[in-house]
Amino acid sequence: MTSFTLGQRVRTTVDAPSAYGNAPGFPAGSLGTISRMPLGPGWGYGVLLDGDPDGLAASYDADELRPA
């Protein structure tokens with residue numbers, strides 16, 4: 001399993017649907033930056049996706065990311 005570091009650039013491997021209302025969805029292959037490390041078992045990496053207007057991190061498991 002790949003591990004990532006804070007601030008590392010990554011590319012997603014899965015689609016991320018809109019989280020709420022008019023928020024955009026992001027297709028697999030989107031770029032982002034690791035902004036939060038997993039807090040424990042069952043927690044994903046926080047990823048700030050490029051172009052996300054709300055600026056909130058999306059949660060991804062390690063197998064849903066690859067180095068950019």
Side-chain angles (χ1 to χ4, degrees):
M1 175 164 77
T2 303
S3 61
F4 300 95
T5 58
L6 201 58
Q8 182 176 356
R9 296 287 291 161
V10 293
R11 186 175 300 277
T12 63
T13 63
V14 295
D15 292 333
S18 173
Y20 56 88
N22 293 332
F26 289 85
S30 294
L31 292 169
T33 303
I34 301 290
S35 64
R36 185 193 72 239
M37 301 301 286
L39 300 174
W43 287 80
Y45 287 91
V47 178
L48 288 175
L49 294 167
D50 293 359
D52 190 345
D54 67 15
L56 299 174
S59 184
Y60 286 90
D61 292 331
D63 63 349
E64 297 174 325
L65 301 169
R66 64 181 162 110

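In this chain, residues are counted from 1 in sequence order. Reckoned from all heavy atoms, side chains included, excluding hydrogens, waters and symmetry mates.
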(message) Donor-acceptor check, side chain of S30 to backbone of T12, threshold 3.5 angstrom: yes or no?
(response) no

(message) Could you report the tightest heavy-atom contact between M37 and T5, atom names first, then the distance?
(response) SD-C, 4.1 Å

(message) Test your reading of the model: is there a side-chain donor-acceptor pair from R11 to the backbone of G29, 3.5 Å cut-off?
(response) yes

(message) Measuring from atom OG of S18 to atom CZ of F26, what distance do you get when rounded to the nearest 0.5 angstrom?
(response) 9.5 Å

(message) Nearest 0.5 angstrom please: Y45 OH to L65 CG, how far?
(response) 8.0 Å

(message) Please find the pair of heavy atoms, one from R36 and one from G44, that lie closest to each other, and give the distance.
(response) NH2-O, 3.2 Å

(message) I need the R9 CZ to L48 CG distance, nearest 0.5 Å.
(response) 10.0 Å

(request) Enter the distance from L49:CG to T33:OG1 here, rounded to the nearest 0.5 Å. (result) 9.0 Å

(request) Would you confirm whether D15, through its side chain, and P27, through its main-chain N or O, come within 3.5 Å as a donor-acceptor pair? (result) no

(message) Same cluster or not: F4 versus V14, using hydrophobic residues (I, L, V, M, F, W, Y) connected whenever any side-chain heavy atoms lie under 4.5 Å apart?
(response) yes

